[in-house]
Protein chains: 2
Amino acid sequence: MTVATLDEGPTVPATIRDVARASGVHISTVSRTFSAPHLVNPETRGRVLACAEELGYRPNRAARALITGRTHNIGLIIADIANPFFPPLIKAAESQARQRDYHVFVADTNEDPIAEEELVHALAKQVDGVLLCSPRMSNSLIEQLSREVPLVVINRQVAGLPCVTMDVGQGARSAIEHLLGLGHRKIALLSGPRGSWTSREIRRAAGAAARAGGAELTVLGPNHPTGTGGGAVAEQVRRGDVTAVLAYNDLMAIGLIEGLDALGLRVPQDVSVVGIDDIALSRLTRPKLTTVATPTAAAGRTAVDMLLQHDTVAARGSRGGRGGTVDDRRTTAQVMLQTDLVIRDSTAPASAAAGRTRPGGAEDAPGPHRLAGPGRPTVTTGGVVAS
Amino acid sequence: MTVATLDEGPTVPATIRDVARASGVHISTVSRTFSAPHLVNPETRGRVLACAEELGYRPNRAARALITGRTHNIGLIIADIANPFFPPLIKAAESQARQRDYHVFVADTNEDPIAEEELVHALAKQVDGVLLCSPRMSNSLIEQLSREVPLVVINRQVAGLPCVTMDVGQGARSAIEHLLGLGHRKIALLSGPRGSWTSREIRRAAGAAARAGGAELTVLGPNHPTGTGGGAVAEQVRRGDVTAVLAYNDLMAIGLIEGLDALGLRVPQDVSVVGIDDIALSRLTRPKLTTVATPTAAAGRTAVDMLLQHDTVAARGSRGGRGGTVDDRRTTAQVMLQTDLVIRDSTAPASAAAGRTRPGGAEDAPGPHRLAGPGRPTVTTGGVVAS
DNA sequence: CCAGTTACTGCAAAGGTTTGCAGGCAAGTA
DNA sequence: TACTTGCCTGCAAACCTTTGCAGTAACTGG
């Protein structure tokens, strides 16, 4: 029977043993060819590599993980992938990880704290660490989970654990001050989901800023942090008789603008709206959204760095950690990244009831103006915690 | 020294051996307690479970994978997580997988064919199968990779492999016919990225439909399938002197609208624009986008089903496949899901140069009108391929 | 020529789990 | 009583790789 010659393709995966047999060396030599090339004779190495190539051999990471205790994977747990806030963070984490020969496994919890816990457990044994992003579960549960697998928390501060947060407090303050500067005195805050650290921070800072400026701040929520969640409170906003709104995130802000439009209220002429996050979308809507830019990509990168640095020190399990005794005292850092207010077209002076179509006058709208510089200076708080 | 009593938390993970020792049985009994409970005495089982709970034991999936050949993970390779087209697909795949006790590992390729191949290799040994979504690499490479790990292709048809696609051809045809019906005779097509099967299908169907209707179709591209990619061709669209545009996806359509706006052209008064995908965003922009709805969630679910069904039959490696001999002849199915045109506000009659602010007359805009029903009937093509 | 290096390579244990096989025991049958 | 049957459990091999240790050979310097 005539069989195609070229693409046979090994239907059963080749193991290290097959390569050893083919190249006439011991399996340990094959192993070293891949994991410690400098220990094997260049000539032998060449032969082994050739055979491996020929057989289509690829090291079995699961078996490797079993003995080294390191999987070279990291888990990334996300509340909602469909929220455009997250993808830049995911991509940044992924590319940072890939640079260090790590893979990222992303999992979505649908904003469900139960799913969160379950996923940490499920991932624990197949990753070297987990990035817990915007967790909705309790601090004590997070601490408990952190004993099962190295954790880095994003968008929340948990004592004793490495965390990277964004200074949304500062962002909310800037936003409120911006609104105050435009003459607004009755402002609403659309808060985020229950259990969100970020939402609490925003609420605290916005409240303080409003009080300091002599304005009245009405808190509406908690809300589902999506477009429909924002649209759902449009009616409340109208009844509340406020002239400006700060939303927990851009998605809600955009949903709100849509909802207000349906009620016949126009933004920014009738109501000013400020979002948080500066997702790509906020530049595409009309009016373009005034918002607080959060350095999501930087957060993703930083979190990976923190996890890997911390993780390189102490390999888990078996004989992996041969680099001397690992001391119990782990240094954990908490990083907070700066945020910037980006002023666009969804905010206007409180008295702007006149029929202007856009703030800023003529056809050519003014470019966005950043209050703080785009360079990303970070505030770092170091700390040492005995476990 | 006084130590807190409650939350000690085992710092070193308990193994099956620890549980065996604690409950006075052999490790195989512990193993069976988890993987084949009906084989162990209820009383013993209770004791084992109690000890396991106490010790915080969790089965090591890597070790299990090593021997069973099944990881209970599936990989999902995505061109660009930031493209809002994908998240619904990801979420659907994830929830479908979770129902069957599988986890999904998502990886992003940044539209890079090299990264695609690399990722398949990297994932091969740690997942039971890979969902390859909108691949940019060649068919022959895909076939080759499918010998290394079970593959299901999404948004592309590859002979001999299980595929799930959406009928974008039909969608493009409907879109063109809709535009023809509105009197447009000079239409532009913004094509997608090089290597995209979807883009080719759209082009072919749109071309045929335009020809049949006696219209002129100008193809612009290939383009980067993002908002900026769409904005970048606004100038070309103006010069092309067309009255309507069909874009490869919603993101490009929205970017284009933005770009046209900057050039002083208004949608739909001056130019009609149709997108494809019906991402959530397309309902939030102004004008709301006329677009072709693609059943992305259904695609995710279906792909997982196909992979798992196909995968349950033949476990890879070692002694996993003890259910008789697996025949070489694998049945592969190709599923194509139906698409619907959703008419919103970004399309208007070709002669609508008069100063209407919105099509459809009065303030209350007409609700979207679906040409095809919302039930998702699917066209299934079965096939048997000898390998 | 010998002792001491250096550069490779092989040996075998280990990692945590699954599973075919066989043994033990009690109940049921003849 | 002897034999069968069925339920439960233990034994040990196997999965694929890494790595400390030991052994070999060639080479260096004295």
Side-chain angles (χ1 to χ4, degrees), chain A residues 12-21 23-48 52 55-72 124-126 128 315-324, chain B residues 10 12-48 52 55-72 124-126 128 315-324:
Chain A
V12 67
T15 77
I16 206 176
R17 220 172 300 271
D18 300 322
V19 179
R21 203 173 314 130
S23 49
V25 299
H26 194 260
I27 58 164
S28 54
T29 302
V30 179
S31 171
R32 276 188 275 258
T33 304
F34 290 96
S35 52
H38 61 280
L39 287 181
V40 20
N41 187 316
E43 191 190 344
T44 322
R45 190 167 54 203
R47 202 167 18 137
V48 170
L55 295 173
Y57 167 75
R58 296 184 176 277
N60 182 328
R61 294 178 83 127
R64 177 180 291 180
L66 188 56
I67 188 163
T68 61
R70 351 235 28 259
T71 62
H72 268 243
K125 287 286 186 5
Q126 27 196 351
D128 295 340
R316 297 183 302 140
S318 71
R319 354 186 202 164
R322 69 184 194 286
Chain B
V12 66
T15 77
I16 206 175
R17 222 172 299 271
D18 301 322
V19 179
R21 201 172 318 128
S23 47
V25 298
H26 194 260
I27 57 164
S28 54
T29 302
V30 178
S31 172
R32 275 187 276 258
T33 303
F34 290 97
S35 53
H38 61 280
L39 287 181
V40 19
N41 186 314
E43 191 191 343
T44 322
R45 189 168 54 203
R47 202 165 20 136
V48 170
L55 295 172
Y57 167 75
R58 298 186 175 274
N60 183 328
R61 294 177 84 127
R64 177 180 291 179
L66 187 55
I67 189 163
T68 61
R70 353 239 20 264
T71 62
H72 269 242
K125 287 284 184 9
Q126 27 196 351
D128 295 339
R316 299 183 300 141
S318 70
R319 0 182 198 164
R322 69 183 195 285

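None of these values were measured; they are calculated from a predicted model. In the text below, chain A, chain B and the rest are named by the order of the sequence lines, each starting its count at 1.
- Judged by distance alone with a 3.5 Å cut-off, no donor-acceptor contact links the side chain of B/Arg17 to the base of C/dG15.
- Here B/Ser31 lies in heavy-atom contact (under 4.0 Å) with a base.
- Panel note: side chain B/Ser35, backbone B/Ser31; a donor-acceptor pair is recorded below 3.5 Å.
- Residue A/Ile67 contributes atom CD1, which lies 9 Å from atom C1' of D/dC16 at whole-angstrom precision.
- The distance between atom CD1 of A/Ile27 and atom C1' of C/dA13, rounded to the nearest whole Å, is 11 Å.
- D/dC8 atom C1' lies 12 Å from atom NE2 of B/His38, rounded to whole Å.
- Counting atom types as modelled, A/Arg32 pairs a side-chain N or O with a base atom of C/dG10 as donor and acceptor under 3.5 Å.
- Within 4.0 Å (heavy atoms only), A/Thr29 reaches sugar-phosphate atoms of the nucleic acid but no base atom.
- Heavy atoms of B/Val25 sit under 4.0 angstrom from primed sugar atoms or phosphate atoms, though from no base atom.
- Comparing B/His26 and A/Ser28, the nucleotide of DNA chain C nearest to each residue sits closer to the 5' end for A/Ser28.
- Counting heavy atoms from C-beta outward, B/Arg45 and B/Pro37 have side chains that approach closer than 4.5 Å.
- In this structure, B/Asp18 and B/Tyr57 have side chains that are not in contact, with every pair of non-hydrogen atoms separated by 4.5 Å or more.
- Distance A/Gln126 CD to C/dT17 C1': 14 Å, rounded to the nearest Å.
- Among the atoms of the strands shown, only primed sugar atoms or phosphate atoms (P, OP1, OP2) are found under 4.0 Å from some heavy atom of B/Tyr57.
- You'll find that the side chain of B/Thr68 is closest to C/dT19, out of C/dT19, D/dC8, C/dC8.
- At whole-Å resolution of the value, CD in A/Glu43 and P in C/dC8 are 11 Å apart.
- At a threshold of 4.5 Å between non-hydrogen side-chain atoms, the residues A/Gln126 and B/Gln126 do not count as touching.
- The CG atom of A/Asn60 sits 14 Å away from the C1' atom of D/dA14 (whole-angstrom rounding).
- The separation between B/His72 atom NE2 and C/dT17 atom P is 16 Å, rounded to whole Å.
- Rounded to an integer number of Å, the gap from A/Arg64 CZ to C/dG16 P is 18 Å.
- Considering only the side chain of A/Ile16, D/dT17 comes nearest among D/dT9, D/dT17, C/dG16.
- At least one donor-acceptor pair closer than 3.5 Å links the side chain of B/Arg47 to the backbone N or O of B/Ser23.
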